[in-house]
Amino acid sequence: MIRSFLSFKWLYRLSSPKFFYSTSGKAIPWLLLISVTLLAVGLFWGLLIAPPDARQGDSFRIIYIHVPSSFLALAGYYFMAVAGAVGLVWRTKLSFWFMKSAASIGASMTFLALFTGAIWGRPSWGTYWVWDARVTSMLILLFLYLGVMAMIRAFDNKEYGQKNGAILALVGTVNVPIIYKSVDWWHTLHQPATLKLTSESTIHIDMLQPLLVMIVGFYLFYALTICLFLRAEILYHEQATSWVKDLCVRRQEKSG
Amino acid sequence: MRMQFSSLYELIDMDGHGVFVWTAVSVSLLIFLILVLLPILSHSRILRNIELGMKTESRSLRNAEVKK
Amino acid sequence: MARSTFEATIAPIVFMCMGVSLIPLALPPDSASHSSIAPGIVWIMVLLASLMSLERIFTFDYEDGSLEQLLISPQLLTQPIFGKLVAHWVMTGVPMALASPIMAFVLSLPADGYIPMILSIVIGSAYLSLAGSVCASLTVSLGRGGFLLPITVIPLYMPIIIFGTATIDFAISGMDWLFPLAVMGTFLCLATAICPIVVAAIFRSTPLF
């Protein structure tokens with residue numbers, strides 16, 4: 001069991017579009033159920049039960065969307081770049097499609113982080129938009145995502161576009177550590193990271209628990225949307241293959 | 001473990017911060033909904049296109065046989 | 001040929017100086033405020049000027065077919081590409097660094113800032129040429145005047161504008177400006193090692209012609 005796991009055979013099998021399509025079809029209902037439950041529990045807990053912040057009052061409750069979406073905006077860039085690298089090295093079609101899906105989802109997560117940040121800025125900083133280091137670098141991250149998305153779609157030759165998008169995503173990773181560290185390097189308005197893996201978090205435990213629930217919920221939701229986007233991509237690119245035609249035939253038989 | 005708000009009005013108002021909190025929540029729910037619906041819609045559209053293509057293909061095949 | 005190289009060198013400098021002359025018109029006429037924003041303005045001008053010259057690296061060679069000649073020749077592709085990038089830097093980056101004191105003078109930059117500014121532009125413009133060449137090679141087949149090149153390149157320029165302005169700022173306020181300059185040097189070393197290889201791989205692996 002362990003040996004077969006370590007031999008990466010499962011990874012090779014998963015990188016076949018047909019296998020991924022059928023496996024993700026089984027996983028999607030579960031992912032939907034768990035992620036929606038976690039998000040609902042986290043939101044209810046965070047918005048209604050967690051104590052208000054001593055300084056910011058109830059406006060701090062935006063943290064339960066802002067922090068998880070920022071996490072995924074940054075992590076999503078790595079997912080996208082790694083998928084692009086895998087596609088360039090092993091020439092697996094699926095990883096390029098993963099990259100394309102991750103670019104769209106990551107861009108929406110970055111937009112969400114910026115939007116909730118702007119709304120949170122109004123009650124706590126007195127203004128919607130500040131040219132603070134973290135905010136500006138997140139905006140740059142959004143531009144990176146948009147650049148990759150535009151690059152993938154710019155060429156008539158789709159494979160060429162995907163390859164170029166992967167290269168651009170990889171080159172853009174130089175910025176991600178800067179974005180990540182910007183709050184520590186420039187002491188501007190944005191508060192330093194409250195969640196740390198290596199040392200004690202600076203957030204109270206009653207506020208932390210719903211936040212962790214929300215973060216897990218966001219990650220599962222991200223996995224769900226990746227599966228949904230990827231299935232559409234697979235179907236679009238593989239429509240000439242026999243397994244997709246078989247699938248359609250079986251669907252028609254089922255519906256009569 | 002207890003509710004922070006005693007009435008519905010308090011929950012919506014949130015000490016005057018309610019506008020901000022609820023806007024953030026509703027916009028993120030909207031984005032989440034779009035992120036789920038967009039791929040599902042394009043998935044079913046692609047499936048429909050493939051089935052249409054298969055139908056016209058089989059029809060033209062049948063026509064070719066009739067002509068023979 | 002001689003005319004086009006002359007243009008390539010002079011155009012960014014003229015663009016820079018003309019752009020800077022617009023800044024005092026757009027801002028309140030207060031000299032003190034100019035000197036505090038001078039590092040940022042100098043660097044934005046350098047960035048825009050180098051962005052303008054970026055298309056020139058490969059487009060001419062692509063259009064007249066010499067890039068194709070380079071690709072079918074049996075030699076290594078990395079070396080001529082590295083040579084082209086060095087030439088681009090010498091023709092645009094170094095002249096910009098030498099012309100930057102004019103801008104700094106107009107913006108009344110304090111005297112301590114001049115040498116760090118020139119050094120940071122020399123190092124930074126080399127990074128701009130190298131990082132920009134990756135995007136230029138990715139978009140070369142789309143033709144001239146596309147909007148894909150600027151939107152993909154500007155995010156890559158972010159580290160340089162941060163540490164470039166920091167070098168001048170540190171020098172003005174009396175801190176050790178060698179630290180941000182060293183960070184820029186690190187970025188330049190990485191880009192020198194990686195970018196020519198990446199550009200060569202892009203040209204090799206894509207159906208350009």
Side-chain angles (χ1 to χ4, degrees), chain A residues 77 81 84-85 87-89 91 96 103 106-107 110 131-182 184-188, chain C residues 37 40 44 47 127-128 130-143 146-166 169-170 179-180 183-184 186-191 193-209:
Chain A
Y77 194 87
L88 286 175
V89 174
R91 294 169 196 287
F96 284 128
T110 316
W131 289 105
D132 140 279
R134 172 51 68 88
V135 180
T136 312
S137 54
M138 283 302 274
L139 190 65
I140 297 276
L141 184 71
L142 183 62
F143 292 154
L144 272 173
Y145 273 122
L146 294 180
V148 173
M149 285 169 70
M151 185 69 92
I152 294 173
R153 289 163 176 81
F155 297 90
D156 294 333
N157 183 341
K158 287 213 171 60
E159 277 175 34
Y160 186 24
Q162 287 167 351
K163 215 182 266 176
N164 281 0
I167 293 170
L168 184 67
L170 276 175
V171 174
T173 44
V174 288
N175 281 351
V176 179
I178 298 181
I179 299 165
Y180 205 69
K181 279 281 157 198
S182 57
D184 303 326
W185 289 351
W186 294 274
H187 296 283
T188 39
Chain C
I37 56 169
I44 286 175
L47 212 135
Y127 174 86
L128 297 185
L130 285 161
S133 73
V134 174
C135 293
S137 63
L138 287 174
T139 57
V140 73
S141 62
L142 290 174
F147 96 117
L148 197 59
L149 180 60
I151 67 160
T152 51
V153 140
I154 287 174
L156 298 184
Y157 282 181
M158 183 179 85
I160 283 309
I161 202 163
I162 290 170
F163 292 104
T165 48
D169 274 334
F170 277 30
F179 163 65
V183 177
M184 288 175 85
T186 316
F187 275 103
L188 177 59
C189 290
L190 278 174
I194 296 167
C195 290
I197 301 171
V198 171
V199 172
I202 291 168
F203 282 143
R204 278 252 183 267
S205 70
T206 45
L208 276 175
F209 305 101

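Proteins get letters first, then strands, A, B, ... in listed order; numbering begins at 1 in each. Here the structure is a predicted model, which means the values were calculated and not measured.
Between atom CD1 of residue Ile162(C) and atom CD1 of residue Ile140(A) there is a gap of 7.5 Å, rounded to the nearest 0.5 Å. Atom CD1 of Ile154(C) sits about 11.5 Å away from atom CG of Leu144(A), to the nearest 0.5 Å. The structure places OG1 of Thr173(A) at 9.5 Å from CG of Leu156(C), a figure rounded to the nearest 0.5 Å. To the nearest 0.5 angstrom, Leu138(C) atom CG is 6.5 Å from Leu168(A) atom CG. One finds the OG atom of Ser141(C) at 9.0 Å from the CG atom of Asn157(A) (value rounded to the nearest 0.5 Å).
If you measure heavy-atom distances from Val198(C) to chain A, the contacts under 4.5 Å come from the side chain alone. Only the side chain of Leu148(C) has a heavy atom closer than 4.5 Å to any heavy atom of chain A.
Annotation for Ala150(A) and Ile151(C): closest pair CB-CD1, 4.1 Å, computed over non-hydrogen atoms.
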Test log, rule side chain to side chain contact (heavy atoms under 4.5 Å, CB included), inputs Met158(C) and Ile179(A): CA-CA 10 Å; Met158(C) 183 179 85; Ile179(A) 299 165; 4.2 Å; yes
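Under the 4.5 Å side-chain criterion, counting only non-hydrogen atoms from C-beta, Thr139(C) is in contact with Met151(A).
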